[in-house]
2 protein chains.
Amino acid sequence: MHMTTQAQGLHTHVLDTLGLAITAGEYPPGSVLRTDELARRFEVSRTVIREVVRVLESMHLVESRRRVGVTVRPTELWNVYDPRVIRWRLAGADRPRQLRSLTVLRSAVEPVAAGLAATHATPGQCRELTEQALGMVATSRGGRLEAYLVHDIAFHRVVLNASGNEMFARLGDVVAEVLAGRTHHHVMFEDPDPAAVTLHVRVAEAVRERDAARAEELTREIAVGALRELDVLAP
Amino acid sequence: MHMTTQAQGLHTHVLDTLGLAITAGEYPPGSVLRTDELARRFEVSRTVIREVVRVLESMHLVESRRRVGVTVRPTELWNVYDPRVIRWRLAGADRPRQLRSLTVLRSAVEPVAAGLAATHATPGQCRELTEQALGMVATSRGGRLEAYLVHDIAFHRVVLNASGNEMFARLGDVVAEVLAGRTHHHVMFEDPDPAAVTLHVRVAEAVRERDAARAEELTREIAVGALRELDVLAP
DNA sequence: GCCGCCAATAAGTATGACTTTTATGTCACA
DNA sequence: TGTGACATAAAAGTCATACTTATTGGCGGC
């Protein structure tokens with residue numbers, strides 16, 4: 001992994017750097033940045049800085065006021081559903097709390113999504129679900145965490161998509177960030193919990209058999225397990 | 001020179017207009033906009049347009065590519081958790097579907113949030129909750145929809161905040177948009193459902209008495225009611 | 001018919017001048 | 001001494017323009 005992303009354009013680089021710095025608390029809420037100072041620091045034109053600031057503003061990370069500058073807003077105003085904000089924060093210091101709140105969100109949403117999936121999933125989605133569950137089983141032992149992660153992400157993404165609800169579907173990215181985050185930062189057992197793996201297979205079954213109540217309940221068990229795991233590993 | 005623009009700033013005006021147009025389907029996915037054409041149309045400099053485009057890009061509404069232009073992205077990629085996107089879409093044509101998917105989201109999240117609130121709420125939040133519930137009772141008859149709405153929004157916001165979960169708390173704005181949307185666009189009975197009003201009072205009670213299971217269950221009933229109401233009024 | 005090169009195009013970046021808003025300090029007046 | 005009007009300057013906002021870079025689609029050569 002490189003220190004900073006570069007080839008994608010000045011804008012992207014500055015945005016990532018600044019966003020990361022702000023979410024990491026390097027500039028605590030209330031801090032004031034000035035555009036031409038930033039321009040000098042990053043050695044780019046004010047044009048680029050202004051665009052970056054506009055985007056940060058659209059995430060409610062900062063507020064830009066005349067004669068004052070660009071001030072960092074209090075944490076509770078940040079748009080924490082923006083995937084970039086999530087990634088920045090998962091990379092930063094308060095990853096534990098972040099992972100916890102995201103997992104609680106998952107525990108609320110995914111069971112309902114699974115229930116809906118059981119009534120809405122297309123045959124193709126059912127097949128996909130079963131395949132990913134089997135993939136999880138196949139990679140659940142022997143320290144093949146990366147391969148397991150791919151299937152895990154795919155599984156949950158299919159469930160959310162199959163729910164037929166747009167808001168749920170768009171949480172696929174968030175869930176992916178969470179799963180990737182807990183794997184890459186080792187907030188996870190060395191091998192996936194066998195019970196969890198089994199539960200995924202049974203969820204796939206329940207969806208295939210159009211048993212909404214069971215799909216919901218089983219997914220709820222997965223969520224409870226994930227929360228418990230978090231309690232143990234990131235107190 | 002620019003007498004027609006509001007005091008809020010050129011940027012805001014252009015962003016709102018363009019965002020509304022795109023989410024309304026005026027520029028269907030795949031359409032291409034060009035920055036200097038937009039600059040001429042809105043009678044602003046390319047600088048302003050570029051900043052707006054950057055923000056739209058950060059919402060995944062559009063993608064800007066060299067030598068091609070600014071292309072509208074497919075709907076399923078939009079960041080539908082951005083409050084502005086929500087407001088634009090609620091103002092537009094597919095409000096019914098939008099309201100439905102948001103209400104389903106609420107039905108997943110709010111019960112869990114209420115359960116957490118029962119164990120996390122501060123005395124102040126309990127009091128606030130009771131006050132708002134009583135406010136709802138007081139304004140629930142006689143066509144005082146606007147006053148009722150204020151209490152309704154405040155009530156749900158307190159629950160989400162009291163849950164102690166950051167992701168839930170940030171959904172306060174979303175819920176507010178939904179409640180405001182269904183009131184202002186008359187996707188609601190003339191007077192609030194008395195059963196719903198009572199349920200809110202009982203939720204406040206349950207939270208005050210730290211009864212998580214009951215708070216969750218009662219909130220679930222509120223959600224079910226809201227969904228049913230939607231079925232009747234926006235099929 | 002295929003491949004590679006070239007030119008047209010539209011976004012990206014830089015710069016400098018100018019405007020607008022507004023926080024703050026100053027001064028006169030009560 | 002306190003208060004309000006007013007001037008000042010600081011920083012973002014806006015604009016015009018020139019220049020750079022990536023990309024695409026077509027043209028010509030093979």
Side-chain angles (χ1 to χ4, degrees), chain A residues 2 4-19 21-22 27-74 77 84, chain B residues 1-19 21-22 27-74 77 84:
Chain A
H2 300 92
T4 51
T5 49
Q6 216 221 343
Q8 204 73 10
L10 291 178
H11 175 85
T12 309
H13 172 238
V14 176
L15 178 62
D16 251 34
T17 310
L18 256 187
I22 293 174
Y27 304 98
S31 322
V32 176
L33 312 170
R34 264 119 32 177
T35 52
D36 44 359
E37 182 192 305
L38 292 173
R40 262 182 294 125
R41 176 131 73 79
F42 287 99
E43 296 179 291
V44 295
S45 70
R46 252 179 70 233
T47 313
V48 171
I49 296 295
R50 298 204 79 262
E51 286 169 17
V52 168
V53 166
R54 278 286 199 254
V55 172
L56 290 173
E57 205 175 14
S58 92
M59 300 169 170
H60 292 103
L61 257 57
V62 302
E63 185 185 11
S64 177
R65 281 169 57 207
R66 275 174 157 128
R67 166 66 216 243
V68 157
V70 177
T71 54
V72 178
R73 305 184 81 179
L77 295 178
R84 256 167 314 191
Chain B
M1 194 62 102
H2 309 98
M3 53 249 141
T4 53
T5 51
Q6 307 149 347
Q8 195 82 20
L10 291 179
H11 176 85
T12 309
H13 173 239
V14 175
L15 179 62
D16 251 34
T17 310
L18 255 187
I22 292 174
Y27 304 97
S31 324
V32 176
L33 312 170
R34 262 114 32 164
T35 53
D36 46 357
E37 181 193 305
L38 291 173
R40 263 181 292 128
R41 176 131 71 80
F42 286 99
E43 295 179 294
V44 295
S45 70
R46 242 178 83 229
T47 312
V48 172
I49 296 296
R50 298 203 79 261
E51 286 168 18
V52 168
V53 166
R54 278 287 199 249
V55 173
L56 291 174
E57 205 175 14
S58 92
M59 299 169 170
H60 291 104
L61 258 58
V62 301
E63 186 185 9
S64 177
R65 281 168 56 205
R66 273 178 158 128
R67 165 67 216 243
V68 157
V70 178
T71 54
V72 178
R73 302 185 84 181
L77 295 179
R84 258 167 312 189

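Residue numbers begin at 1 in each chain, while the letters A, B, ... track the order of the sequences. These numbers come from a predicted model, not from an experiment. Values below: all heavy atoms of this structure, side chains included; hydrogens, waters and symmetry mates excluded.
- Whole-Å rounding puts the E63(B) CD to dT23(D) C1' distance at 13 Å.
- The NE2 atom of H13(A) sits 13 Å away from the P atom of dT13(C) (whole-angstrom rounding).
- Straight-line distance from the CD atom of E51(B) to the C1' atom of dT13(C): 13 Å, rounded to whole Å.
- For the pair R34(A) and dA10(D), the criterion of a side-chain N or O lying under 4.0 Å from OP1 or OP2 is not met.
- For the pair R46(A) and dA14(C), the criterion of a side-chain N or O lying under 4.0 Å from OP1 or OP2 is not met.
- In this model, the phosphate group of dA11(C) is approached by a side-chain N or O of T35(B) to a distance below 4.0 Å at OP1 or OP2.
- Taking side-chain N and O atoms only, R40(A) has no distance below 4.0 Å to OP1 or OP2 of dA14(C).
- In this structure, V53(A) reaches neither bases nor backbone, as no heavy-atom distance under 4.0 Å exists between it and the strands shown.
- Listed here is the closest heavy atom pair of P74(A) and P29(A): CA-CB, 3.8 Å.
- L10(A) places its CG atom 15 Å from the P atom of dT20(D), with the value rounded to the nearest Å.
- Residue contacts for I49(A): at a heavy-atom cut-off of 4.0 Å it reaches no nucleic acid atom on any strand shown.
- Among the nucleotides dA16(D), dG13(D), dA12(D), the one closest to any side-chain atom of T47(B) is dA16(D).
- Identified under the salt bridge (Lys or Arg N to Asp or Glu O under 4.0 Å) test for residues 52-66 of chain A, with sequence neighbours left out: R54(A)-E57(A), R54(A)-E51(B).
- Taking for each of E57(A) and R67(A) the nucleotide of DNA chain D with the nearest heavy atom, the 5'-most of the two is the partner of R67(A).
- With rounding to whole Å, D36(A) atom CG is found 13 Å from dG16(C) atom C1'.
- Within the 4.0 Å cut-off from OP1 or OP2 of dA23(C), at least one side-chain nitrogen or oxygen of R65(A) is found.
- When all heavy atoms are compared, the tightest approach of V70(A) to S64(A) is CG2-OG, 4.1 Å.
- Atoms CZ (R50(B)) and C1' (dA16(D)) sit 15 Å apart, rounded to a whole Å.
- Nucleic acid contact class of V68(A) (heavy atoms, under 4.0 Å, all strands): sugar-phosphate only.
- Of the candidate nucleotides dA12(D), dA11(C), dT13(C), dA12(D) has the atom lying nearest to any side-chain atom of R66(A).
- Two residues are said to be in side-chain contact when any heavy atoms from C-beta on lie closer than 4.5 Å; S58(B) and R84(A) meet this criterion.
- Atom NE2 in H11(B) sits roughly 13 Å away from atom P in dC15(D) (whole-Å rounding).
- V62(B) and V53(B) get closest at one heavy-atom pair: CG2-O, 4.1 Å.
- Spacing between atom CG of L33(A) and atom P of dA10(D) amounts to 19 Å, rounded to whole angstrom units.
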